[in-house]
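Here the structure is laid out as C-alpha cells; the discussion comes afterwards.
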Amino acid sequence: MNKNVYENYTDAKLKQAYQFCEGYKTFITNAKTEREAIIETVKLAESAGFKNINNIKKLKAGDKVYAINMDKAMVLAVIGSDDLANGLNIVGSHIDSPRLDLKATPLYEDGELCMLDTHYYGGIKKYQWTATPLAIHGIVCKKDGSKIRICYGEKEDDAVLGISDLLPHLEKEKRSEVITGEELNLIVGLTPSKDAKKDKVKANILNILKQQGIEEDDLFSSEIEIVPAGKARDFGLDKSMVIGYGQDDKVCAYPSLMALFNIKKPKRTCVCLLVDKEEIGSVGATGMESMFFENTIADIIALTGEYSDLKLRHCLTNSKMLSSDVTAGYDPNRPAPFNKATDAFLGHGVAFCKYTGSRGKSGASDANPEYIAKLRKILDDNKIHYQATEMGKVEAGGGGTIAYIMAKYDMDVIDAGVPVLSMHAPWEITAKVDIYETYLAYDAFYKFEFKA
Ligand code: MN
Ligand code: MN
C-alpha cells in the first residue's frame, strides 16, 4: 500500500499498462459528452456480447445485458449463478464532465461578431476556458421528433471556436478574478450576410445553421456542450501519463467497463453503473438520485424469475460497491492544500478514499472498516497497487461522489479511483500505471464472492 508502482513493474507489465491506455485514449477522445459516452459504451458492450434489456424476455446465469436511461446513463450487468437476493458487485462512475453549455436562446451579435451565450456546467475555473480552441458537441431536437447530432471542431478540416481574453496590458486585476460566467461567450463568426438589414453576422451564421436543418428556435430544444477541441494524448517525455478532456470521471468508467467485459460466469451478479449529473450534485432523471438504477435492478430480478419488493431490498442491501471516482493527486506546483503524508500521488496506483465530504467529514459516506478489511485482502491477494487517500488537508479539501447515494440502500460502498492533476481543467492529467491498476482492482473486485 502507498508504494510507487514502478518499483514492482516488469517491462512486460508496463507495456501491458501502456497498451491498455491506448484504448482508453480512443474512448475519451470519442466520448466527450454523456451521450457520446453511451454511444461508445454500447459499441464496446455489444461487441463483448451484451444485449439491450428491451429485447430480452428471460435472463439466466452468464447472460450479459445493458439498460440505457435517456441516452445519458446506463447499467450493464453480467448475471451470476447466485440468488440475486444475496446482492451485486457494483462499480459505479459518472460520465458527465465540467464544460460550458449553451443557453436556451444563445445566438446574438455584438461588436460585429456573432456570439453564442453559455452557462457553465460543474465546477470550473472560468479563465481556463478562454483563449483555447473549443469544439461544439450535442444534439438539436426538431418539433417533428427528429434529432440532429452535432460534433464540430474535432476533425482536421473543421474550424474550432473559442472565447477571447484581454491582452495583459489591458488587464489590471488578476485573470482568475476577472472572468465571470456571463463573459464566457463563444465567438462563432465574423462574416456579414449581404442580404440582411441588421445583425448581419448573426444572419450569416443562421444561414449556415439552416443548411444543417437548424432554425434559431430549435436551439431551445437542444443540448449542446462546449468542450476542448482535440484528442487525448500522451503526456511527459517518457509518455507515462495521459492528458485529455473529461478524465473525471471517464478514467474510472473505462476501466470499470473493461473489467466487466472480463467476467464470464460469475457467482454474484456484476454491475457496471454509468451515471450523469454527478458534477452538479447527482440530481435529475439521469443522475444517481434518479430511480433508474433501482428500477433496472427490479427489471433484472423480474427477468431472472420471481420478482418481489423484498427480494429487491435484500439485493440492494447485500450489494458491495466501489464508487469509482477520481481523487486529487499531489501537485508539486500547487502544494498548499495537500498533506503529503495522507494524500494521493500519481504513480501509486488506485486510490481508496475512506470518506469524502469536508470539514469534519460533513457530507461524507464513511466506509466501514469491516468492508475495507475485506477489500485489503482482495487487493493484496491479487497484488494490486493501491493507496489510501484524503482529498487535501482537513480544512482545505473535500469533495462529493455518488457513494452516499448508494449508501442509502444500506450497502457497503467506498470511493476508489484514479488520482488526477488539473482536475476539472479543460485538459486533465493522469498516470497510465494508475489507470491500469484501477482496472486490475475492479477486475479482482468483480470476481470476489462476498458472502451475504
Ligand atoms: Mn468525479
Ligand atoms: Mn468532478
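Both counts, for ligands and for their atoms, begin at 1 and track the order of listing.
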Exercise. Check step by step if side chain to side chain donor-acceptor pair (under 3.5 Å) holds for D325 and S323.
Key: CA-CA 6 Å; D325 207 343; S323 163; 5.8 Å; no

Quiz item: Between R268 (side chain) and L88 (backbone), is there a donor-acceptor pair under 3.5 Å?
Solution: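 It does hold such a pair.
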
Exercise. Return yes when at least one N/O/S atom of C252 is nearer than 2.8 Å to the Mn ion (ligand 1), and no when none is.
Key: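 For C252, the answer is no, given that no N, O or S atom comes within less than 2.8 Å of the Mn ion (ligand 1).
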
Quiz item: Any N/O/S of D248 under 2.8 Å from the Mn ion (ligand 2)?
Solution: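 True for D248.
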
Exercise. For the Mn ion (ligand 2), decide whether E279 has an N, O or S atom at a distance under 2.8 Å.
Key: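 It does; at least one qualifying atom falls short of 2.8 Å.
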
Quiz prompt | Atom of H424 closest to the Mn ion (ligand 2), considering N, O or S atoms | solution =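 Atom name returned: NE2.
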
Exercise. Of all N, O or S atoms in D325, identify the one at the shortest distance from the Mn ion (ligand 1).
Key: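 Restricting D325 to its N, O and S atoms, the minimum distance to the Mn ion (ligand 1) goes to OD1.
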
Quiz item: Do the side-chain N and O atoms of H385 and D434 include a donor-acceptor pair separated by under 3.5 angstrom?
Solution: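 No, no side-chain donor-acceptor pair sits under 3.5 Å.
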
Quiz item: How many angstroms lie between CZ in F445 and OG in S324, if you round to the nearest 0.5 Å?
Solution: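 One gets 10.5 Å once the value is rounded to the nearest 0.5 Å.
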
Exercise. Flag yes if more than 12 heavy atoms outside K3 fall under 6.0 Å of its NZ atom; otherwise flag no.
Key: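 12 or below, so no.
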
